[in-house]
Visitor: 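Attaching a single structure in structure tokens format; questions to follow.
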Amino acid sequence: MSAVTKKIIQRRKFAIAAIVGAILFFGYDLIEDAFFEHEYLTVHFIVELIVFVGVSIALVINARDLIHLRTLLKIEKKRTQALSGALADSINAQLDEWQMTHSENQISWLIIKGYSFSEIAILRGVKENTTRFQATSIYSKAGVKGRAEFVAEVFQPLLQSIPEELSTRGEQVKRGTELH
């Protein structure tokens, strides 16, 4: 769950708690006015009744919104998991197509994730030169010259499936402008 989503949910919970507090206060005050002070149709009683009803409606709306927000969050989490699984499958298929060894596959994933050669070497318990040599082999199998081209080549098939009208570059090319 993102920090923004957590903050939104926390704010909603706080708002609901504040509304519940107001409902309890006005409910108690209405009961006291009606049963102990016998104020049924006074302006004071009617105003408090209207506020009580309004705050109660606000509670229902906020509670419904919070439930809806949590439901959307669960749906988005499932969707994100499915998409990340599909992304991983697509990348693995591309690495299989290039006939990467198990070690090259591991290093490829670390390169894609943005790790430096020294970080990859530490993670794998090998020398940095070994990692660089294996990366050179990976680039050769992929038909590219370096890290940036490799990552671009991995994502190219995925990007081709995006409709042109949804891509920023496609929109700017249509308008005759360049990306900066």
Visitor: Considering all heavy atoms of both residues, which atom of Gly114 and which atom of Arg147 are nearest to each other, and what is their separation?
Guide: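 In this case the closest contact between Gly114 and Arg147 is C-NH1, 4.3 Å.
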Visitor: Supply the atom-to-atom distance Gln94 CD to Asp96 CG, rounded to the nearest 0.5 angstrom.
Guide: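 Between Gln94 CD and Asp96 CG, I get 9.5 Å after rounding to 0.5 Å.
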Visitor: Can you measure from CG (Leu83) to CD (Glu76) and round to the nearest 0.5 angstrom?
Guide: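 Rounded to the nearest 0.5 Å, the CG-CD separation comes to 9.0 Å.
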Visitor: Go through it in stages, so that I can follow the logic: the residues are Val151 and Gln156, the test is side-chain contact (heavy atoms from CB on, under 4.5 Å), and I'd like the CA-CA distance, side-chain angles, deciding distance and then a yes or no.
Guide: CA-CA 9 Å; Val151 174; Gln156 186 62 30; over 6 Å; no
Visitor: Check the hydrophobic clustering (I, L, V, M, F, W, Y; side-chain heavy atoms under 4.5 Å; chains of links allowed) and say if Tyr139 and Ile91 are grouped together.
Guide: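 Yes, because Tyr139 and Ile91 connect within a single hydrophobic cluster, where side-chain heavy atoms sit under 4.5 Å apart.
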Visitor: Does Phe155, at its CZ atom, have more than 12 non-hydrogen atoms belonging to other residues, nucleotides or ligands within less than 6.0 Å?
Guide: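 More than 12 within 6.0 Å, yes.
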Visitor: To the nearest 0.5 Å, how far apart are CG in Leu66 and CD1 in Ile16?
Guide: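 Nearest 0.5 Å value for the CG-CD1 distance: 4.5 Å.
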Visitor: Answer yes or no: is there a donor N or O on one side and an acceptor on the other, between the side chain of Lys141 and the main chain of Gln99, under 3.5 Å?
Guide: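 The answer is yes, because a donor-acceptor pair under 3.5 Å joins these two groups.
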Visitor: Show me the donor-acceptor pairs within less than 3.5 Å that the side chains of residues 51-62 make with the rest of the protein, sequence neighbours left out.
Guide:
{"from": "Ser56", "atom 1": "OG", "to": "Phe52", "atom 2": "O", "distance (Å)": "2.8"}
{"from": "Asn62", "atom 1": "OD1", "to": "Arg12", "atom 2": "NH1", "distance (Å)": "3.1"}
{"from": "Asn62", "atom 1": "ND2", "to": "Ala58", "atom 2": "O", "distance (Å)": "3.1"}

Visitor: Would you sort out whether Leu49 and Phe26 count as a side-chain contact (heavy atoms from CB on, under 4.5 Å), showing the intermediate values?
Guide: CA-CA 8 Å; Leu49 182 61; Phe26 284 109; over 6 Å; no
Visitor: Hey, could you give me the CZ/CG distance between Phe25 and Leu30, rounded to the nearest 0.5 Å?
Guide: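 Reported to 0.5 Å precision, the distance equals 9.5 Å.
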Visitor: Side chains of residues 128-138: which donor-acceptor partners sit under 3.5 Å, not counting sequence neighbours?
Guide:
{"from": "Glu128", "atom 1": "OE2", "to": "Arg132", "atom 2": "NE", "distance (Å)": "3.3"}
{"from": "Glu128", "atom 1": "OE2", "to": "Arg132", "atom 2": "NH2", "distance (Å)": "2.8"}
{"from": "Gln134", "atom 1": "OE1", "to": "Arg124", "atom 2": "NH1", "distance (Å)": "3.2"}
{"from": "Thr136", "atom 1": "OG1", "to": "Arg132", "atom 2": "O", "distance (Å)": "3.0"}
{"from": "Ser137", "atom 1": "OG", "to": "Glu104", "atom 2": "OE2", "distance (Å)": "2.6"}

Visitor: Same cluster or not: Ile67 versus Leu73, using hydrophobic residues (I, L, V, M, F, W, Y) connected whenever any side-chain heavy atoms lie under 4.5 Å apart?
Guide: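 No, no single cluster joins them.
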Visitor: Report the distance from atom CD of Glu39 to atom CD of Glu32, rounding to the nearest 0.5 Å.
Guide: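 Here the rounded value is 9.0 Å.
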Visitor: I'd like to know if Ile112 and Ile122 are part of one continuous hydrophobic network [Ile/Leu/Val/Met/Phe/Trp/Tyr, side-chain heavy atoms within less than 4.5 Å].
Guide: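 Ile122 does not cluster with Ile112.
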Visitor: For the ring pair Trp98 and Phe150, is the centre-to-centre distance below 6.0 Å?
Guide: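 Between Trp98 and Phe150, the centre distance is under 6.0 Å.
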Visitor: Indicate, with yes or no, if Val126 and Trp109 share a hydrophobic cluster defined by side-chain heavy-atom contacts under 4.5 Å among Ile, Leu, Val, Met, Phe, Trp and Tyr.
Guide: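 The answer is no; the residues belong to distinct hydrophobic clusters.
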Visitor: Okay, side chain of Glu119, backbone of Ser116: is any donor-acceptor separation there less than 3.5 Å?
Guide: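 Checking the backbone N and O of Ser116 against the side chain of Glu119, a donor-acceptor pair under 3.5 Å is found.
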Visitor: Run the numbers on Thr101 and Ser103 for side-chain hydrogen bond (donor to acceptor under 3.5 Å, both in side chains), then give the verdict.
Guide: CA-CA 5 Å; Thr101 66; Ser103 293; 4.9 Å; no
Visitor: Walk me through whether Ile50 and Ile46 qualify under side-chain contact (heavy atoms from CB on, under 4.5 Å).
Guide: CA-CA 6 Å; Ile50 291 170; Ile46 292 172; 3.9 Å; yes
Visitor: Please round to the nearest 0.5 Å and tell me the distance separating atom CD1 of Ile120 and atom CD1 of Ile107.
Guide: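 Result: 6.5 Å between the selected atoms.
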Visitor: Please step through side-chain contact (heavy atoms from CB on, under 4.5 Å) for the pair Lys7 and Arg11, ending with a clear verdict.
Guide: CA-CA 6 Å; Lys7 283 185 179 183; Arg11 279 187 256 156; 3.8 Å; yes
